[in-house]
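The shown structure was predicted, so the numbers you read here are calculated from the model rather than taken from an experiment.
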Amino acid sequence: MVITPLLEIRNLHVGYKTHMGISKVLNGVYLTVNEGEKVGVIGESGCGKTTTMKSIHRILPGNAIVSEGEIIFKGKDILKMKKRELTEIRRKGVTMIFQDPTAALNPVFKVSEMMTDIIKYSGIYEKNLKKEARNRALDLFEEVALSDPERVFDSYSFQLSGGMRQRVCIAMSLAGVKQLVIADEPTTNLDVTIQAQVLSLLKSLVNEKRLSLILVSQALGAVRETADRVYVMYAGDIVEVAKADVLFTDPLHPYTQKLLDSVPRLTGGVFSIGIKGRVPNYFNPPSGCRFYPRCDQSLNICKDKKSPLVEVKKDHCVACWLYRGVST
Amino acid sequence: MRTIETHISIPKWIEELELGKKWYKFSRSPLSLLGLVIACSTIILALLAPFLAPYPQHAGFYHNFMESCQGLSLKHPFGTDQFGRDVLSRTIFGFRYSLMMAGVVLLLVVPLGVILGLIAGYYREKIKIIEIVIMRIADIFIAVPPLVLALAICSVLTPSVFHAMMAVSLMWWPWYTRLTYNVTSSLKEEYFVQAAEVTGASSSHIIFKEILPNCLGSILTKVTLDVGWIILIGSALSFVGLGAQPPTPDLGTMVAEGGNFLPDFWWISLFPALAISYTILGFNLLGDGVRDTFVEER
Amino acid sequence: MKLSTYVIKRAGYAIFTLIGLSIFVFVLARVLPGDPARMAAGPRAPSWVVEQLREQLWLDKPIYTQYFYWLKDIIHGDLGYSIYTRRSVTQDVIEYLPASIQLIILAGIFEVIGALILGVMAGRYSYKWPDNLTRFISYIGISVPAFVWAIIFQLLFTWVMPIFPTSGMFSPLMIPPPEITGMSTLDALITGRFDAFVDVLWHMVLPALALCLGGMAQDARIIRAGMVENQEKDYIAMATSHGLPERLVTSKYLLKPSIVPAVTVMGMDVASLLGNAFLVEIVFMWPGFSKYGINVMLSKDLNAIVAVVLIMGLIFAIANIIVDVIVIHLDPRIGGK
């Protein structure tokens with residue numbers, strides 16, 4: 001049986017035009033989400049995770065250039081869609097939770113103002129009654145476990161705590177009938193004490209409504225717990241894909257290995273080493289594998305040619321020449 | 001024994017300004033360059049007026065009614081005024097008075113205003129009374145539209161270029177005090193200032209070596225933009241007859257005098273008016289460029 | 001802090017500053033060479049009249065006593081006697097101020113509307129032709145002084161295309177409406193004189209335009225900068241990502257945060273409107289307070305000059321409080337401090 005994926009990103013290239021030239025951030029990203037599946041995306045900061053997520057909604061900054069690739073949602077390419085179709089997808093198909101709820105909520109409008117507009121345009125109500133929108137908003141706030149919905153509804157975002165802001169954002173995302181939730185590091189900017197709460201809330205809501213989820217996160221533990229499959233991203237490339245438990249126990253790509261090693265362990269006595277070097281300069285990225293300059297196990301070929309993403313074990317793909325039988 | 005060393009060494013603080021890099025940043029904007037060219041051209045015209053003006057004697061008290069109110073010609077490219085004076089020559093001399101006004105006012109106002117602002121900002125917590133006195137007095141002068149108070153001061157004194165300069169200076173210093181005060185108060189919270197305090201640096205060292213260099217960008221920007229504003233206010237004072245008096249070739253006075261001969265002899269007031277706008281435009285463009293170069297975006 | 005407490009605090013502070021200002025102006029007017037009593041009495045008055053006047057005006061007392069009596073008079077609404085109009089300055093203020101205020105209000109309205117249109121156009125189509133056009137207009141607006149605009153309009157509309165009247169407040173054949181508030185536009189509306197209302201408005205267009213172009217140009221640039229900056233903010237991306245219509249995102253979620261910085265500087269714009277009114281009213285022969293101000297200044301009428309400065313300070317203070325209240329209303333974060 002062939003399952004048609006809900007969302008499929010194929011060979012996506014995105015760059016940013018700046019006064020120093022074009023920074024080529026995404027270098028051919030592949031990503032698939034099946035119906036009802038929870039997918040995790042991990043990687044260092046600055047390696048193009050947010051750019052990938054924003055391209056799905058086509059809300060990249062004005063200087064971004066999508067030079068190549070397809071983003072297919074239910075058989076249609078989002079990148080080629082007309083404005084009207086795209087708006088439909090935004091309202092009823094895919095929804096996004098931003099990294100920083102403080103930046104994502106408009107500072108000069110009350111929550112009620114934004115919430116009402118979002119509900120009004122979510123496409124489930126025939127009539128645009130103010131009262132109806134208010135009730136719906138309060139219901140949503142209950143759903144995301146906000147303790148005092150009435151007060152939150154009439155507040156400005158600066159009057160709320162970080163955790164409350166992110167709950168408000170989640171409530172906004174769930175205003176319409178959606179199929180896919182993109183959560184772009186939804187807990188990174190929150191206090192450690194409430195990160196777990198918000199994440200488990202998100203997880204239970206996704207499960208309850210049978211939605212698909214893309215969870216972008218640096219918190220590897222959270223991804224391991226939540227996701228079915230995990231994508232590892234480095235410098236605009238997907239370097240490894242596997243089922244969550246497989247990836248975390250048997251990482252293949254040198255980058256994944258290092259990334260997992262860099263997590264401090266409760267059991268170990270030594271400090272984690274981290275990965276030497278840093279994410280490459282995107283104005284002039286390495287020509288072959290982008291991880292090559294930081295890799296201990298690099299081969300000659302790595303310098304000139306990037307390995308395609310190939311399935312080396314069942315359901316386990318990796319983009320590395322080490323697993324393609326290339327001799328040194 | 002001889003040691004070889006270069007005797008001309010650039011002081012460290014000049015190196016720290018990174019002038020080469022700043023110039024590169026500045027020169028990338030064509031509008032900033034245009035501003036620089038315009039501003040320089042007005043300064044050159046003002047400095048060399050006696051040599052550049054075709055009829056330097058027309059700048060002062062001169063009349064030749066045979067040639068009054070003549071239109072544009074090769075002999076008088078901007079025409080002549082009611083006394084037969086060459087408008088081009090008088091306009092070139094006009095730059096002198098406008099720029100002199102701006103120069104004198106800024107020379108008086110910037111050091112005074114900046115020092116008061118530094119003191120008020122630095123002693124904000126330590127000696128509250130200093131801050132209160134300085135800033136409240138500054139507030140009094142900011143409480144009225146600058147042109148109104150300048151007009152009033154000029155009117156109770158005898159109208160003249162000198163009094164106009166004094167009046168505008170009196171109006172202008174609080175803006176520098178306020179600007180420096182704001183920057184100083186926020187800089188005081190920065191680690192490098194706190195570090196200097198902890199290590200026991202003297203107040204004057206902290207004020208002049210740590211805080212002042214970091215205010216310079218904002219001050220320089222304001223100085224450049226203010227040249228335009230002061231010229232505007234100066235010409236406005238002359239325009240209503242409370243600044244420079246005829247026959248001084250002040251641009252504002254010339255516009256006002258020519259106003260009586262509109263619309264038939266339009267050139268008498270048009271060209272001085274254009275000269276005012278030209279100068280203000282130049283210093284505004286330059287000021288924008290300076291801001292983009294020196295004031296870091298936050 | 002509640003808004004009303006804030007306003008009261010600001011008003012108290014403004015009064016304090018105005019008192020400081022009045023001391024400065026009063027001292028300035030008194031320490032100058034020349035005998036105020038002689039000036040008030042006129043050059044040909046006999047010396048006993050001058051002496052009597054000196055006593056009457058408290059001029060024989062020390063300066064702080066003089067100030068004290070002068071302040072007491074002001075609190076009672078008496079601004080002194082004007083040599084220029086030969087009557088009480090208070091009467092002059094009542095007669096001339098409303099005309100200036102209605103002119104400045106109209107100029108303010110023009111300024112806000114013009115700045116919004118230009119700024120939003122430039123911000124919405126940044127780096128495209130509307131932006132370049134706005135930038136060009138802004139630079140012209142900034143570099144041409146208000147009195148030059150006034151002269152240009154005079155020329156243009158008197159001789160080239162006489163659509164707008166270029167002097168005075170009423171057309172020659174128009175009978176002015178009876179005075180109720182002193183503001184001719186309001187009076188015309190109250191008495192139902194629609195023709196007079198239109199006539200006054202028609203006469204106000206050019207002076208108001210000449211007054212507001214400079215500030216309009218600057219505000220437009222500030223709005224444009226705000227929009228360009230905020231376009232890249234996450235909250236705009238989020239509004240778009242929820243599928244809100246583009247027009248709603250721009251006209252509501254982008255516009256409101258973007259105009260806050262422009263509104264903050266509008267207090268300064270009021271200063272330039274008040275100052276420029278002194279020049280523009282002269283050129284357009286507008287029978288207002290600023291024209292009166294220039295006339296008393298040219299005739300060295302000290303009582304009237306002091307009154308003009310203080311009233312300008314008062315209007316400026318009130319305008320600033322209003323601007324602050326609007327800013328707090330637009331951006332509640334500012335009021336929280």
Side-chain angles (χ1 to χ4, degrees), chain B residues 31 34-35 38 136-159 167 170 225 228-229 231-233 235-237 239-242 251-252 255-256 258-259 262-264 266 269-270 272-274 276-285 288 297, chain C residues 13-14 16-21 23-25 28-29 32 34 135 139-140 142-148 150-152 154-156 158-160 214 268 270-279 282-283 290 293-294 296-302 305-306 308-310 312-317 320:
Chain B
L31 282 177
L34 180 68
I38 295 179
R136 286 323 81 129
I137 292 179
D139 281 349
I140 289 173
F141 291 97
I142 294 181
V144 198
L147 185 56
V148 178
L149 195 47
L151 283 169
I153 295 172
C154 282
S155 70
V156 292
L157 305 166
T158 26
L170 199 57
L225 289 169
W229 288 113
I231 289 174
L232 186 95
I233 293 226
S235 61
L237 285 172
F239 179 77
V240 289
L242 289 170
L251 296 174
V255 175
L262 290 173
D264 300 320
W266 48 269
S269 55
L270 177 74
L274 283 181
I276 297 174
S277 300
Y278 178 76
T279 317
I280 298 174
L281 177 68
F283 281 96
N284 259 303
L285 291 173
D288 285 352
E297 284 148 39
Chain C
Y13 187 70
F16 171 78
T17 314
L18 283 176
I19 289 175
L21 179 68
I23 294 175
F24 171 75
V25 189
L28 189 74
L32 283 162
R135 186 171 304 148
Y139 275 119
I140 293 179
I142 288 168
S143 45
V144 179
F147 63 90
V148 173
I151 291 177
I152 292 173
Q154 284 270 324
L155 267 180
L156 213 60
T158 317
W159 304 95
V160 184
M268 280 317 298
V270 175
S272 83
L273 287 181
L274 291 173
N276 284 328
F278 277 72
L279 312 170
I282 292 268
V283 178
S290 305
I294 291 287
V296 296
M297 282 173 186
L298 290 173
S299 53
K300 287 204 168 214
D301 184 349
L302 292 181
I305 293 174
V306 174
V308 168
V309 171
L310 285 184
M312 284 298 161
L314 183 68
I315 297 175
F316 187 37
N320 266 315

**Student:** Looking at NZ of C:Lys300 and OG1 of B:Thr158, how far apart are the two atoms once the value is rounded to the nearest 0.5 Å?
**Tutor:** 6.0 Å

**Student:** Please check: side-chain N/O of C:Ser143 versus main-chain N/O of B:Ile280, any donor-acceptor pairing under 3.5 Å?
**Tutor:** no

**Student:** Looking at every heavy atom in both B:Pro145 and C:Gly275, which two are closest together, and how far apart are they?
**Tutor:** CB-N, 4.3 Å

**Student:** Roughly how far, to the nearest 0.5 Å, is the CD1 atom of B:Ile140 from the CD1 atom of C:Ile19?
**Tutor:** 10.0 Å

**Student:** Examine whether an atom of B:Leu281 lies under 4.5 Å from a heavy atom of chain C, and if so say whether it belongs to the side chain, the backbone or both; otherwise answer neither.
**Tutor:** both

**Student:** Determine whether C:Phe24 and B:Ile153 make a side-chain contact, defined as any pair of heavy atoms from C-beta on separated by less than 4.5 Å.
**Tutor:** yes

**Student:** Would you give the length of the straight line joining atom CZ of C:Phe147 to atom CD1 of B:Ile276, rounded to the nearest 0.5 angstrom?
**Tutor:** 4.0 Å

**Student:** B:Leu149 versus C:Leu21: any side-chain heavy-atom pair under 4.5 Å?
**Tutor:** yes

**Student:** Using side chain to side chain contact (heavy atoms under 4.5 Å, CB included) as the criterion, list what pairs up with C:Ile294, not counting sequence neighbours.
**Tutor:** B:Leu151, B:Val240, C:Phe278, C:Ile282, C:Leu298

**Student:** Select one option (side chain, backbone, both, neither) describing which atoms of B:Ser235 are under 4.5 Å from chain C's heavy atoms.
**Tutor:** both

**Student:** Assess whether side chain to side chain contact (heavy atoms under 4.5 Å, CB included) is satisfied between C:Leu279 and B:Leu147, documenting all intermediate values.
**Tutor:** CA-CA 10 Å; C:Leu279 312 170; B:Leu147 185 56; 4.2 Å; yes

**Student:** Which heavy-atom pair separates C:Met297 from B:Val148 by the least distance, and what is that distance?
**Tutor:** CE-O, 4.1 Å

**Student:** Measuring only between side-chain heavy atoms, which start at C-beta, is B:Ser277 closer than 4.5 Å to C:Pro145?
**Tutor:** yes

**Student:** Please classify the contact of C:Val148 with chain B as side chain, backbone, both or neither, using a heavy-atom distance under 4.5 Å.
**Tutor:** side chain

**Student:** Using a cut-off of 6.0 Å, state whether more than 12 heavy atoms not belonging to C:Tyr13 lie near its atom OH.
**Tutor:** yes

**Student:** Between chain C and each of B:Ala273, B:Gly228, B:Ser155, B:Ala152, count heavy-atom pairs under 4.5 Å; write down the option with the most.
**Tutor:** B:Ser155

**Student:** C:Asn320: what forms a side chain to side chain contact (heavy atoms under 4.5 Å, CB included) with it, not counting sequence neighbours?
**Tutor:** C:Arg10, C:Phe316

**Student:** Identify which part of B:Leu170 has an atom lying under 4.5 Å from any heavy atom of chain C, answering side chain, backbone, both or neither.
**Tutor:** side chain

**Student:** Report which part of C:Val283 has an atom under 4.5 Å of a heavy atom belonging to chain B: side chain, backbone, both, or neither.
**Tutor:** side chain

**Student:** Enter the distance from C:Leu28:CG to B:Leu157:CG here, rounded to the nearest 0.5 Å.
**Tutor:** 6.5 Å

**Student:** Between chain C and each of B:Phe141, B:Tyr278, B:Phe283, count heavy-atom pairs under 4.5 Å; write down the option with the most.
**Tutor:** B:Phe141

**Student:** To the nearest 0.5 Å, what is the distance between CG (B:Leu270) and CD1 (C:Ile152)?
**Tutor:** 7.5 Å

**Student:** Look up atom CD1 in C:Ile142 and atom CG in B:Leu225, then write down how far apart they are to the nearest 0.5 Å.
**Tutor:** 9.0 Å

**Student:** Please state whether the side chain, the backbone, both or neither of C:Ile305 comes within less than 4.5 Å of a heavy atom of chain B.
**Tutor:** side chain

